[in-house]
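Worksheet: one structure, shown below.
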Amino acid sequence: SSLPFQIKRHALKAAIMAMLGGEALPRILMQVIRFCINSDDKPLKKLCMLYWEVVPKYQEPTSDEVLRAASGGQTVQRKLLPEMI
């Protein structure tokens with residue numbers, strides 16, 4: 001939490017770029033909330049807003065659920081991640 005803003009900005013930029021590249025980073029959501037949200041650095045806050053647009057907010061359906069839906073079963077409903085509640 002006492003890291004300089006430049007290091008936090010660099011880490012958040014790297015996370016955003018990795019997520020845009022298709023990398024799954026499920027464990028960093030709580031770290032971003034914990035260390036970046038309540039900062040006073042305006043560029044860091046802008047990066048946090050961009051992060052919220054990129055981060056997945058729903059659990060992807062399992063392959064079994066997709067197969068059941070494809071074979072005429074129940075439709076697949078996406079579930080909200082527990083961190084988003």
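In this text, all values refer to a predicted model and were calculated from it rather than measured experimentally.
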inquiry  = Could you check whether any side-chain N or O of K8 sits under 3.5 Å from a backbone N or O of F35, counting only pairs where one atom can act as donor and the other as acceptor?
reply    = yes
Taking K45 for the side chain and S39 for the main chain, is one N or O donor matched with an acceptor at less than 3.5 Å? yes
Scan the side chains in residues 20-31 for donor-acceptor partners under 3.5 Å anywhere in the protein, sequence neighbours excluded, and list what turns up.
none

Could you measure the distance from the [atom1] atom of [X] to the [atom2] atom of [Y]? Nearest 0.5 Å is fine.
X	Y	atom1	atom2	answer
L47	H10	CG	NE2	11.5 Å
K13	M17	NZ	CE	10.5 Å
I7	L44	CD1	CG	12.0 Å

Check: Taking all atoms of both residues into account, what is the closest heavy-atom pair of I16 and Y51, and its distance?
Finding: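 Taking I16 first and Y51 second, the nearest heavy atoms are CD1-N, 3.9 Å.
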What are the two closest heavy atoms between V32 and C48, and how far apart are they?
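Heavy-atom minimum between the residues: CG1-SG, 4.4 Å.
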Requested in this report: Carefully, step by step, assess K42 and K46 under the rule side chain to side chain contact (heavy atoms under 4.5 Å, CB included).
Outcome: CA-CA 6 Å; K42 190 167 183 169; K46 287 183 179 183; 3.9 Å; yes
